[in-house]
> 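Supplied in structure tokens, the structure appears directly below.
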There are 2 protein chains.
Amino acid sequence: MKRVRLVDVAEVAGVSTKTVSNVVHDYPHVAPELRRRVQAAIDKLGYRPNLTARRLVTGRTGMIALAIPEIDHPYFSELSRQIAEEAARRNYRVIIEQTLGKLDAEHAVLEDREAGLVDGIIFHPVSIGALSIAKLHHDTPLVLLGEGAMPATSDHVMIDNVAAAAEAVHFLLRQGRRRIAFLGVVEDDVTFSTDKRLLGYQQGLIEAGLDPDPGLVLSVKDFSSEASGEAVRAALERGVSIDGIVCRDDKFAAGALRACAAAGISVPDGIAVLGWDDTAIGKYTTPSLTSVAPDKSALASTALELLTERIDGFRGVGRHRIVPHGLTIRGSTPSVSAELAVPRGEPAVPSA
Amino acid sequence: MKRVRLVDVAEVAGVSTKTVSNVVHDYPHVAPELRRRVQAAIDKLGYRPNLTARRLVTGRTGMIALAIPEIDHPYFSELSRQIAEEAARRNYRVIIEQTLGKLDAEHAVLEDREAGLVDGIIFHPVSIGALSIAKLHHDTPLVLLGEGAMPATSDHVMIDNVAAAAEAVHFLLRQGRRRIAFLGVVEDDVTFSTDKRLLGYQQGLIEAGLDPDPGLVLSVKDFSSEASGEAVRAALERGVSIDGIVCRDDKFAAGALRACAAAGISVPDGIAVLGWDDTAIGKYTTPSLTSVAPDKSALASTALELLTERIDGFRGVGRHRIVPHGLTIRGSTPSVSAELAVPRGEPAVPSA
DNA sequence: ATACGAGTTTACAGCGCTGTATCTTGAGGC
DNA sequence: GCCTCAAGATACAGCGCTGTAAACTCGTAT
């Protein structure tokens, strides 16, 4: 059963292919009667335009590629959803490319592998450097996400990680916490996110007149929640005094929660734990997780806005946009009002 | 800056476009010297084939659509990852379509909206019925996933939900649990998954010579973990005696865990909780979750296998494949060995 | 009656690529 | 020395659609 083509419809309706095309596209100057006849033929034959053919001639594919490290990481799947929905609103479809953070896969994203396949690329790089991006990037419109490489030539969207981390610290300080740890720095970490968050953490302490204690910056073996839990366990065992933890992501926070539970320390009473990314993970932990919340919806719409502008011909230099962030407050930090009611003068010292 | 085309390369190399095409495709009968010359021209000009044009002539797009309810639901994002990786292995790209389980979106998936855009569709339906699928489905190769509609005409892949639920029940029975609840039946549930799992649950009890107690089939207001927790809380408050819960998915199980904790009942000592889908959620709950584990990798590879066969011309009737499932054992159920060591004769009765 | 132009409709080229059929070449057989 | 044949290279049509420009229609102005 051959697919129905424009010519088939044209023949049945007794008009030219262009007229059929005009009807399909709702071109205004088509006589009502003809429009009816053509529409009837379309319905009768069940005609559907061949998008590939349309693309070849228009040069537009109506698709954008979304290149992210892992599709099943909660942050990225939640972000993907926002982007897919925002893209749909603008009549674009999304094809998802998983890089697993690997350098060669990230190179492939830029190397026009999608040549003529997508109109633009939204890319959350992890391993690749700014220089490589600038070098490899041809002319497919590109918007970068995250705290990784950000060459001046490309558009870029992120939240203000430094400010967010400082705010997270202030949030805990307001609740009387004084021994706030940062979890954590990963050995051989190639990502830039941690740096920014660590910087903001230190900045927050300094702003409050506190001296950052290097012993409170916990280092973690890898990016798993097991490793982060292990790091917290080890710190507590060493006798490090901690009454709050700012984590680089929700996974790490989940590990911290486990370690606290294992050590018999109550969260949030003994230690307050603060995650990052406001992913679904935070809804399932015990207690549930207070987490820095990037505005994923704003992230998505800003990325799409920049990208569509490029697709529509904008040729200026790279634009850098900061989107809002907030703090989703759940059970792993004391409620602010409770704190205000019973201000604590002394930092809580864990028993382990 | 115009894109480099085949003709541009041909001109530089001083050969026909077809020869360049042959080089690009590694066609064997090309003289080594010519191949070198053409390759040099390709490299020099930075030529990348225009996939859209190639598609128009070959009729193959190299893309498959994956239509799922929610991309950021852990089960679906994990499944998506498997499918994307399996597809990549077979040189297909995946475009993801989110239906949100809505009927009109599910209709759209089948209505050739992707006409000429994808070579095939992998579709996890929720709302649409078997009849509608049979009626709407044109000739784009299609493979269905899940327990929803499964018209005889379409290929279909799932796990044996009835058997898995029965096994889950037996697993708890072996540990001496006797008051096993099923969580839960959702009012106005349009999905078929619950039915199958409930059936298997009842079957498992009957096989063990137990009489299913209707009071142990908990009904839940919606699909959130809050609602499932509420259902468990209410049951416990009514004084229903429960020592084990088989849940229709991990989200429900997470809600159950919270309800137990709130009621002061230890999991797994007082109540054993068993989730479904083996999603990442189970790693973050307290305790971590024992969960029925569909073999997502087998699901993905089987779906791709059936789909590519159809794409490659197979025209037979719908094939139905059952893929394996297992049980990922974590903290929400007692370890089997401990149970064997200390067999319990009496069901544990929760204190609430 | 003729010209004009706004509104309709069409012919045709061509997007960039590949499949088919065809042509060229040179080695080997007689 | 001529013919055969396979390997190597090419010409050309055409995938299904849309943009452009030209053509046609018909009511109104001249």
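Values reported hereafter were calculated over all heavy atoms of this structure, with side chains retained and with hydrogens, waters and symmetry mates removed. Below, chains carry the letters A, B, ... as their sequence lines are ordered, and counting in each starts from 1.
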> Ignoring backbone atoms, establish whether Ser16(B) has a side-chain N or O less than 4.0 Å from OP1 or OP2 of dA11(D).
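Answer no for this pair, as no side-chain N or O of Ser16(B) is under 4.0 Å from OP1 or OP2.
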> Could you pick out which residue, Thr17(A) or Ala31(A), lies toward the 5' side of DNA chain C when each is mapped onto its nearest nucleotide?
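It is Ala31(A) whose nearest nucleotide is closer to the 5' end.
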> Determine whether the side chains of Thr19(B) and Ser16(B) contain a donor N or O and an acceptor N or O closer than 3.5 Å.
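Yes, a side-chain donor-acceptor pair sits under 3.5 Å.
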> Can you tell me the distance, in whole Å, between the CD atom of Glu11(A) and the P atom of dG16(D)?
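Result: 14 Å.
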> Salt-bridge test for Lys296(B) and Asp72(A): reply yes if a basic N is under 4.0 Å from a carboxylate O, no otherwise.
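Salt bridge absent between Lys296(B) and Asp72(A).
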> Give a yes/no on whether any side-chain N or O of His29(B) is located under 4.0 angstrom from OP1 or OP2 of dA6(D).
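So the side chain of His29(B) is outside the cut-off, no N or O lying under 4.0 Å from OP1 or OP2 of dA6(D).
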> Atom CG of Asn50(B) to atom C1' of dC15(C): distance rounded to whole Å?
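Taking atom C1' of dC15(C) as the reference, CG of Asn50(B) is at 9 Å.
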> Whole-Å distance between dG16(D) C1' and Arg54(B) CZ?
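Between C1' of dG16(D) and CZ of Arg54(B): 19 Å.
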> When you measure from the side chain of Arg5(A), which nucleotide among dT10(D), dC17(C), dC17(D) comes out closest?
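In terms of side-chain proximity for Arg5(A), the closest of dT10(D), dC17(C), dC17(D) is dC17(D).
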> Classify the ring geometry of His156(A) against His320(A): parallel below 30°, tilted from 30° to 60°, perpendicular beyond 60°.
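The rings of His156(A) and His320(A) sit tilted, inter-plane angle from 30° to 60°.
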> Would you check if Val126(B) and Leu100(B) make a side-chain contact, meaning some heavy-atom pair closer than 4.5 Å?
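No - every pair of side-chain heavy atoms lies 4.5 Å or more apart.
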> NE2 of His25(A) versus P of dT9(C): gap in Å, rounded?
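His25(A) atom NE2 is separated from dT9(C) atom P by 17 Å.
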> Once you round it to whole Å, what is the distance between C1' of dC17(D) and CZ of Arg3(A)?
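Atom-to-atom, Arg3(A) to dC17(D), this comes out as 12 Å.
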> For Val57(B) and Thr19(B), find the nucleotide of DNA chain D closest to each by heavy atoms; which residue's nucleotide sits nearer the 5' end?
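Nearer the 5' end of the strand: Thr19(B).
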> Of the options dC15(D), dC17(D), dT10(C), whose atoms approach the side-chain atoms of Leu56(B) most closely?
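Of dC15(D), dC17(D), dT10(C), dC15(D) is nearest to the side chain of Leu56(B).
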> Using whole Å, report how far OH of Tyr47(B) lies from C1' of dC17(C).
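That distance rounds to 7 Å.
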> Considering every strand and a 4.0 Å limit on heavy-atom distances, what is the contact class for Tyr27(B): base, sugar-phosphate, or nothing?
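Here Tyr27(B) touches no strand at all.
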> Rounding to an integer number of Å, can you tell me how far Leu51(A) CG sits from dC15(D) P?
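Leu51(A) atom CG is separated from dC15(D) atom P by 18 Å.
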> Of the options dT18(D), dT10(D), dT9(C), whose atoms approach the side-chain atoms of Val30(A) most closely?
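Nearest to the side chain of Val30(A) among the choices is dT9(C).
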> Please give, in whole Å, the distance from dA23(D) C1' to Lys18(A) NZ?
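Interatomic distance, NZ of Lys18(A) to C1' of dA23(D): 15 Å.
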> Please determine whether a side-chain nitrogen or oxygen atom of Ser21(A) lies at a distance below 4.0 Å from atom OP1 or OP2 of dT18(D).
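Looking at the OP1 and OP2 atoms of dT18(D), one of them is under 4.0 Å from a side-chain N or O of Ser21(A).
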> Report the nucleotide, chosen from dT18(C), dT10(D), dC15(D), that has the shortest atom-to-atom distance to any side-chain atom of Thr58(B).
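Nearest listed nucleotide: dT18(C).
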> Going by an N to O cut-off under 4.0 Å, is there a salt bridge joining Lys44(B) and Asp8(B)?
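No.
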